[in-house]
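Let me begin by presenting the structure, written as structure tokens, before commenting on it.
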Amino acid sequence: MKYCGLSIINCKQQKIVLACMMENMSQTKINQPRINLVAGTILIVVTLLVGLTVFVVMQRHSEMLLSKACSRPCKVESSNL
């Protein structure tokens, strides 16, 4: 029998604690893929929403600029090729 710490009782308690820690670590490894899947899904959704928002804002801005530019008479010079 190994002697861990002050007494044999402490040794048994340490073994129980280590066994519980190992069990918790194995449960954590099982849950990690689920966490990664959820985090990845959230990241993809947020990225798509931000991209779509930027697209809509830029589209409105460009339409506004084009409508202002075309409201004034534009002189188009023809070039001879």
Side-chain angles (χ1 to χ4, degrees):
M1 195 179 258
K2 287 188 174 181
Y3 183 72
C4 305
L6 300 174
S7 67
I8 295 174
I9 295 172
N10 282 341
C11 181
K12 289 180 183 178
Q13 288 175 347
Q14 286 179 358
K15 286 181 182 178
I16 292 171
V17 169
L18 287 174
C20 289
M21 287 174 59
M22 293 299 286
E23 185 178 336
N24 287 339
M25 287 175 63
S26 66
Q27 289 176 354
T28 302
K29 288 181 182 178
I30 291 170
N31 291 334
Q32 282 181 351
R34 189 180 307 153
I35 292 170
N36 289 340
L37 180 65
V38 170
T41 304
I42 291 171
L43 182 64
I44 289 171
V45 168
V46 168
T47 303
L48 290 174
L49 286 175
V50 168
L52 185 63
T53 303
V54 169
F55 177 79
V56 169
V57 168
M58 293 302 289
Q59 181 184 15
R60 288 181 183 173
H61 184 68
S62 61
E63 287 175 354
M64 183 186 65
L65 288 175
L66 288 173
S67 68
K68 282 184 180 179
C70 291
S71 64
R72 292 180 288 172
C74 300
K75 293 182 180 178
V76 177
E77 296 180 16
S78 60
S79 60
N80 295 331
L81 298 175

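All of these numbers come straight from a predicted model, not from anything done at the bench.
Cluster note: L49 groups with V45 through ILVMFWY side-chain heavy atoms spaced under 4.5 Å, whether in direct contact or through intervening members. Connectivity analysis of hydrophobic side chains (ILVMFWY, heavy atoms under 4.5 Å, direct or indirect) links I44 to L48.
In terms of the side chain to side chain contact (heavy atoms under 4.5 Å, CB included) criterion, residue partners of Q59 (sequence neighbours excluded) are, by chain and number, F55, E63. M64 pairs by the side chain to side chain contact (heavy atoms under 4.5 Å, CB included) definition with H61, K68, not counting sequence neighbours. With sequence neighbours excluded, the residues satisfying side chain to side chain contact (heavy atoms under 4.5 Å, CB included) with V38 are I42.
With rounding to the nearest 0.5 Å, the separation of OG1 in T47 from CG in L52 is 12.5 Å.
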